Novice: 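Here it is, the structure, as structure tokens.
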Amino acid sequence: MKESSQNPHSDESRQLEEMELQKRLQVIKRKILVLSGKGGVGKSTVAANLAVSLALAGKKSGLLDIDLHGPSITRILGLEGSRLANDEEGLIAPLPYMENLTVVSIGLLLEKAEDAVIWRGPLKYNVIKQFLKDVSWGELDYLVVDSPPGTGDEPLSVAQMMGKDTWAIIVTTPQEVAIADVRRSVTFCKTLNLRIAGVIENMSGMVCPHCGKDIELFKVGGGERLAKEMGIPYLGHIPLDPGIVEAGDAGKSITDALSGTPTESSFKKIIDAIRVQTGDVDSPDLNSAIKEKSIMKIAIPVSEGMLCMHFGHCEQFALVTVDADKKSVEEVVYIDSPPHEPGLLPGWLHKQGANLIITGGMGRRAQDLFAKNGVKVIVGAPSDAPENIATAYMNNTLEIAENICDH
Ligand code: ADP
């Protein structure tokens with residue numbers, strides 16, 4: 001890391017640091033500070049997924065983890081063992097994670113994630129400052145910052161250093177006790193004059209481990225009610241998803257684990273809401289990066305010429321080549337399904353060049369396999385002719401119902 005030769009307490013040195021901080025931050029279009037009233041509500045999980053979803057939406061993003069209590073971003077993204085390096089100017093070079101996303105985490109500097117816990121106040125303050133000031137992010141559309149939990153000194157320092165043009169996002173869970181913490185977070189933001197982009201209710205409802213469907217488990221909607229009551233925007237909910245925990249345990253990146261799931265669509269909806277709240281609507285197309293590829297091949301399971309609800313048992317697949325820019329169907333080819341064999345279809349469809357599957361229902365395991373093959377899946381589509389489905393998809397008029405349970 002960079003060392004200063006000046007007396008760190010002199011006014012001149014402080015001014016210089018302030019100027020460097022401003023220089024670094026002013027090329028970042030939107031700074032998002034992810035807060036929570038207390039630990040364990042999924043703040044880091046949400047911060048990481050927001051950054052990934054923004055990157056997938058084509059936004060140049062950075063993810064900064066300064067949750068010194070438990071820097072968990074490295075675990076969540078499967079980056080354990082990776083280390084940060086300095087660039088030629090002596091600044092911290094952020095670690096490239098995927099297209100459009102670089103990451104800096106305190107966990108990428110420490111031997112053990114817990115090491116930071118024993119640091120004393122002034123050291124923590126300096127580390128936080130260094131992470132904001134001495135990282136060569138370059139120009140970014142979004143910087144998502146995972147802050148320490150609560151409303152104490154550390155999140156306060158982070159918020160003050162990031163400046164008043166920062167957007168706060170408050171993460172909560174549906175329980176009353178967590179909701180009470182949101183009030184404190186809102187008061188915290190108002191006291192600091194931080195703009196609040198909105199509240200996200202995490203672990204709200206559940207994704208069925210068998211069929212991948214979003215089901216209501218406990219009382220949901222507390223975060224939404226509270227947002228309304230306090231006059232702040234509600235950005236959406238994320239279900240309790242066993243896939244999130246499994247991915248974390250396996251050190252697997254969430255992009256692989258969540259692709260094509262209701263959790264992924266929850267994040268997409270939240271990203272759209274954030275873009276609206278933060279005035280980032282210059283591009284009329286709020287769709288995901290896949291549409292920006294323009295020419296794509298959509299695979300649709302069919303039976304007697306119509307979309308077939310039973311993905312694994314359809315007679316044929318329609319491979320629809322479309323130009324997403326022109327919103328036109330270029331070609332429809334029908335091919336017979338391979339013999340029924342568990343786990344075969346994802347690899348087979350990938351070989352056919354499909355980069356999107358639109359189907360009625362699909363089990364979670366199959367969705368995971370597609371994700372591994374880089375094929376996106378949309379479930380819950382209606383029975384219709386493949387051309388109509390593809391056209392509706394391109395025009396954003398495809399009516400999506402629930403995933404038909406298909407173990
Ligand atoms: P925080 O940053 O608020 O302390 P984390 O993001 O570290 O919380 O999450 C705490 C635990 O909850 C982790 O084990 C994480 O995998 C799990 N978790 C977070 N969000 C979800 C979710 N929507 N579904 C299932 N597990 C979740």
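Each ligand, and each atom within it, is numbered from 1 in the order the structure gives. Since this is a predicted model, take the numbers as computed values, not measurements.
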Novice: With side chains defined as the heavy atoms from C-beta onward, is the minimum distance between Ile73 and Tyr97 less than 4.5 Å?
Specialist: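 Not in contact.
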Novice: Do Lys376 and Glu264 touch side chain to side chain, with heavy atoms closer than 4.5 Å?
Specialist: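 In short, these two side chains touch, coming nearer than 4.5 Å.
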Novice: With a 4.5 Å cut-off on side-chain heavy atoms, are Phe317 and Leu345 touching?
Specialist: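 The answer is yes; the side chains approach within 4.5 Å.
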Novice: Mark up the atoms of ligand 1 that fall under 4.0 Å of a heavy atom belonging to Pro239, in ascending order.
Specialist: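 It comes down to these atoms of ligand 1: 22 (C), 23 (N), 24 (N).
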Novice: For ligand 1, is Ala48 a contact, meaning one of its heavy atoms is under 4.0 Å away?
Specialist: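 In this structure, Ala48 fails to qualify as a contact of ligand 1 - no heavy atom is under 4.0 Å.
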Novice: Under a 4.0 angstrom heavy-atom cut-off, which atoms of ligand 1 come close to Val41?
Specialist: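 The atoms of ligand 1 under 4.0 Å from a heavy atom of Val41 are 3 (O).
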Novice: What pair of heavy atoms forms the shortest contact from Ile300 to Pro386, and how long is it?
Specialist: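 The answer is CD1-O, 3.7 Å.
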Novice: So, for atom 11 (C) of ligand 1, does the protein have a heavy atom nearer than 4.0 Å?
Specialist: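 For atom 11 (C) of ligand 1 the answer is no, since every protein heavy atom stays at 4.0 Å or beyond.
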Novice: Looking only at protein heavy atoms, identify the closest one to atom 8 (O) of ligand 1 and say how far it is in Å.
Specialist: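 Ranking protein heavy atoms by distance from atom 8 (O) of ligand 1, first comes Gly42 N, 3.1 Å.
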Novice: As an exercise, identify every atom of ligand 1 less than 4.0 angstrom from a heavy atom of Val245.
Specialist: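 Every atom of ligand 1 under 4.0 Å from some heavy atom of Val245: 25 (C), 26 (N).
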Novice: For atom 20 (N) of ligand 1, what is the nearest protein heavy atom, given as residue, atom name and distance?
Specialist: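 For atom 20 (N) of ligand 1, the nearest protein heavy atom comes out as Asn202 ND2, 3.0 Å.
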Novice: Select one of side chain, backbone, both or neither to describe which atoms of Ser36 lie under 4.0 Å from any atom of ligand 1, heavy atoms only.
Specialist: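 The answer is neither; Ser36 stays 4.0 Å or more away.
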Novice: Does some non-hydrogen atom of Pro149 fall short of 4.0 Å from ligand 1?
Specialist: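 No.
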Novice: Where do Cys314 and Ser337 come nearest, in terms of heavy atoms and distance?
Specialist: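 Nearest pair, atom of Cys314 first, then Ser337: O-OG, 3.1 Å.
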Novice: List the steps, then state whether side chain to side chain donor-acceptor pair (under 3.5 Å) holds for Ser303 with Glu315.
Specialist: CA-CA 5 Å; Ser303 181; Glu315 296 161 10; 3.3 Å; yes
Novice: Relative to the heavy atoms of Lys43, which atoms of ligand 1 are at a distance of less than 4.0 Å?
Specialist: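 Listed by number with element: 1 (P), 2 (O), 3 (O), 6 (O), 8 (O).
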Novice: Nearest protein heavy atom to atom 25 (C) of ligand 1: under 4.0 Å?
Specialist: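 Yes, there is a protein heavy atom closer to it than 4.0 Å.
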Novice: Taking the side chain as everything from C-beta on, heavy atoms only, tell me whether Ile271 gets closer than 4.5 Å to Lys59.
Specialist: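 When only atoms from C-beta onward are counted, Lys59 and Ile271 do not touch, as no gap falls below 4.5 Å.
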Novice: Identify, for atom 15 (C) of ligand 1, the protein heavy atom at the shortest distance, and state residue, atom and that distance.
Specialist: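 Of the protein heavy atoms, Thr45 OG1, 3.8 Å lies nearest.
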Novice: Exactly one of Gln26, Glu20, Glu18, Arg24 should register a side-chain hydrogen bond (donor to acceptor under 3.5 Å, both in side chains) with Gln22. Which one does?
Specialist: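 Running side-chain hydrogen bond (donor to acceptor under 3.5 Å, both in side chains) over Gln26, Glu20, Glu18, Arg24 with Gln22 returns exactly one hit, Glu18.
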Novice: Taking the side chain as everything from C-beta on, heavy atoms only, tell me whether Asp141 gets closer than 4.5 Å to Asp280.
Specialist: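 Side chain of Asp141 against side chain of Asp280, heavy atoms only: no contact under 4.5 Å found.
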Novice: For atom 18 (N) of ligand 1, what's the nearest protein heavy-atom neighbour? Residue, atom name and distance, please.
Specialist: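 Atom 18 (N) of ligand 1 sits closest to the protein heavy atom Met203 CE, 3.8 Å.
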Novice: For atom 14 (O) of ligand 1, find the nearest protein heavy atom and state the residue, atom name and distance (0.1 Å precision).
Specialist: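 Ranked first by proximity to atom 14 (O) of ligand 1 is Arg75 NH1, 4.6 Å.
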Novice: Can you report which non-hydrogen protein atom sits closest to atom 27 (C) of ligand 1, along with the distance?
Specialist: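 Ranking protein heavy atoms by distance from atom 27 (C) of ligand 1, first comes Ile244 CG2, 3.8 Å.
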Novice: Supply the atom-to-atom distance Thr278 OG1 to Lys31 NZ, rounded to the nearest 0.5 angstrom.
Specialist: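 Here the interatomic distance stands at 13.0 Å.
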Novice: Give the C-alpha distance, both sets of side-chain angles, the deciding distance and a yes or no for side chain to side chain donor-acceptor pair (under 3.5 Å) between Ser72 and Ser44.
Specialist: CA-CA 7 Å; Ser72 45; Ser44 302; 3.2 Å; yes
Novice: Give the residue, atom name and distance (to 0.1 Å) of the protein heavy atom nearest atom 4 (O) of ligand 1.
Specialist: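 Minimum-distance protein heavy atom for atom 4 (O) of ligand 1 reads Gly40 N, 2.8 Å.
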Novice: So is Ser44 polar-close to ligand 1, meaning N/O to N/O under 3.5 Å?
Specialist: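 In this structure, Ser44 places an N or O atom under 3.5 Å from an N or O of ligand 1.
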